Amino acid sequence: MKRTEILQKVKLAMPEKRYIHTLGVEKQAIRLAEHYGENVEKASLAALLHDYAKYTDTKTQKDIIVQEKMDPRLLSYHPSLWHAPVGSFFAKTEFDVEDPDILEAIRVHTTGKIGMNTLDKILYLADYTEENRDFPGVEKARELVFQSLDQAMLYALGRTIIFLASKNSPIFPDTFEAYNDFSSKTIKGDVN
């Protein structure tokens, strides 16, 4: 599918503000891919499709999670997490994306996971630090992303956990596990 077709379809699936965010994520993902020697086309496509399912109604998302035998734990957490794995499913079924790296980066862009690869980190952090984001700590995150993806992931995951805990929101286990994974790399000095 050509970029213009992808953009048209993505734009129809979300409000204008989210579309602007998506373009910002793509811009940041490309910058990070170039900086870290990752495939720019993969980073671009993952970014364009990362929020495609965000405005799909929750019943449809739930049905897809069940039918596709996705992680059943998702159903016990806030539906705002569901668009990532459902988006990965749509990337494959509606956009014919076959690349497992792109599909996985989309799938984990809200929660993180143990053993994230470079593209996973780039999409997660591009989403977190794109130019339209405005929240306490985003400037520090924007500095860290060009110094070390692992340090930036540790920072972003830690801030996310603190934010969710401050709202008494449940935190998906993969987020804790990802945080611990990056924390142990930092302790060992094994950071990218």
Side-chain angles (χ1 to χ4, degrees), residues 1-30 41-113 116-117 119-135 156-157 160-161 163-164 167-178:
M1 190 176 282
K2 291 183 176 154
R3 177 182 165 77
T4 52
E5 294 172 287
I6 292 169
L7 288 172
Q8 286 174 341
K9 201 165 178 178
V10 167
K11 189 171 188 172
L12 288 173
M14 58 188 61
E16 182 70 16
K17 186 175 180 183
R18 182 56 53 170
Y19 181 69
I20 291 167
H21 160 74
T22 297
L23 295 178
V25 174
E26 182 196 27
K27 181 178 174 182
Q28 182 74 328
I30 289 169
E41 289 78 22
K42 285 185 178 189
S44 170
L45 185 55
L48 288 176
L49 298 180
H50 84 284
D51 274 351
Y52 179 73
K54 192 166 184 77
Y55 297 93
T56 302
D57 68 89
T58 53
K59 183 189 181 322
T60 300
Q61 290 189 56
K62 183 178 182 179
D63 290 347
I64 290 169
I65 290 167
V66 171
Q67 289 165 9
E68 296 302 313
K69 297 179 176 49
M70 295 177 184
D71 188 337
R73 298 175 304 168
L74 286 163
L75 300 177
S76 300
Y77 289 83
H78 197 277
S80 63
L81 295 180
W82 300 355
H83 76 279
V86 172
S88 179
F89 171 77
F90 284 154
K92 186 172 187 172
T93 59
E94 293 188 23
F95 293 89
D96 300 319
V97 175
E98 296 292 334
D99 189 305
D101 291 335
I102 295 170
L103 297 173
E104 185 65 1
I106 295 169
R107 187 185 75 78
V108 301
H109 87 268
T110 57
T111 60
K113 68 170 187 173
M116 292 173 78
N117 69 23
L119 184 60
D120 296 336
K121 294 178 224 179
I122 284 173
L123 182 58
Y124 187 100
L125 292 167
D127 188 25
Y128 194 81
T129 64
E130 65 95 1
E131 64 193 5
N132 299 295
R133 292 285 198 196
D134 183 23
F135 56 85
L157 288 162
T160 298
I161 289 167
F163 173 75
L164 291 170
K167 296 176 72 169
N168 296 319
S169 296
I171 301 165
F172 197 66
D174 288 7
T175 304
F176 281 121
E177 291 172 4

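Keep in mind that this is a model prediction, so the values were computed, not measured. For this chain, numbers begin at 1 and follow the sequence in order.
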Report task. Give the intermediate values and the outcome of side-chain contact (heavy atoms from CB on, under 4.5 Å) for residues His109 and Asp51. Result -> CA-CA 9 Å; His109 87 268; Asp51 274 351; 3.3 Å; yes
**Report entry** Step-by-step side-chain contact (heavy atoms from CB on, under 4.5 Å) determination, Thr160 to Tyr124
**Finding:** CA-CA 12 Å; Thr160 298; Tyr124 187 100; 3.8 Å; yes
Requested in this report: Start with the C-alpha distance between Leu23 and Asn132, add both sets of side-chain angles, then the distance that settles side-chain contact (heavy atoms from CB on, under 4.5 Å), and finish with yes or no.
Outcome: CA-CA 10 Å; Leu23 295 178; Asn132 299 295; over 6 Å; no
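Applying the ring-ring contact (aromatic ring centres under 6.0 Å, His included) test to Phe89 and every residue at least two apart in sequence or in another chain returns nothing. For Tyr128, the ring-ring contact (aromatic ring centres under 6.0 Å, His included) test picks out Phe135, with sequence neighbours left out.
Within a 6.0 Å sphere centred on NZ of Lys113, heavy atoms belonging to other residues, nucleotides or ligands number more than 12. Around atom CZ of Phe163, no more than 12 heavy atoms belonging to other residues, nucleotides or ligands sit under 6.0 Å away.
Between Asp120 and Arg107 no salt bridge is recorded (no basic side-chain N to carboxylate O distance below 4.0 Å).
Using modelled atom types, one finds no donor on one side chain facing an acceptor on the other under 3.5 Å when comparing Thr56 with Gln61.
Lys11 NZ to Leu48 CG: the interatomic distance, rounded to the nearest 0.5 Å, is 13.0 Å. Here the CD1-NZ distance, from Ile64 to Lys59, works out to 10.5 Å after rounding to the nearest 0.5 Å. The CE atom of Met14 sits 11.5 Å away from atom CD1 of Ile20, with the distance rounded to the nearest 0.5 Å. Residue Leu49 holds its CG atom at 11.5 Å from CZ of Phe90, rounded to the nearest 0.5 Å. In this structure, the separation between CD on Glu41 and CG on Leu45 is 10.0 Å, given to the nearest 0.5 Å. From Thr129, atom OG1 reaches atom CD of Gln28 across 3.5 Å, with rounding to the nearest 0.5 Å.
Inter-residue side-chain proximity for Lys9 and Tyr52 is flagged as met; some heavy-atom pair is nearer than 4.5 Å. Taking the side chain as every heavy atom from C-beta outward, Asp71 and Tyr77 never approach each other to under 4.5 Å. The shortest distance between side-chain heavy atoms of Asp127 and Arg133 falls below 4.5 Å. Met1 is not listed as a side-chain neighbour of Asp96, based on a closest heavy-atom distance of 4.5 Å or more. Between Asp174 and Arg73, the closest side-chain pair of non-hydrogen atoms falls below 4.5 Å. Two residues are said to be in side-chain contact when any heavy atoms from C-beta on lie closer than 4.5 Å; Glu130 and His21 meet this criterion. Two residues are said to be in side-chain contact when any heavy atoms from C-beta on lie closer than 4.5 Å; Tyr19 and Leu7 meet this criterion. Annotation: side chain of Val86 is not in contact with side chain of Thr60 (no heavy-atom distance under 4.5 Å).
With hydrogens and angles ignored, the 3.5 Å screen pairs no side-chain donor or acceptor of Thr111 with any backbone N or O of Thr175. Side-chain N or O atoms of Ser88 include one that pairs as donor or acceptor with a backbone N or O of Leu103 at under 3.5 Å. Under the 3.5 Å distance criterion, the side-chain polar atoms of Trp82 are matched with a main-chain donor or acceptor of Leu74.
Residues Phe95 and Val10 approach most closely at CZ-CG2, 4.4 Å, considering heavy atoms. Annotation for Ile102 and Val97: closest pair CG2-CG1, 3.8 Å, computed over non-hydrogen atoms. The minimum heavy-atom distance between Met116 and Lys121, with the atom names listed, is O-CE, 3.2 Å. When all heavy atoms are compared, the tightest approach of Phe172 to Leu81 is CB-CD1, 3.8 Å. The minimum heavy-atom distance between Leu119 and Ala43, with the atom names listed, is CD1-CA, 3.7 Å. Between Arg3 and Ser44, the closest heavy-atom pair is NH1-OG, 4.1 Å.
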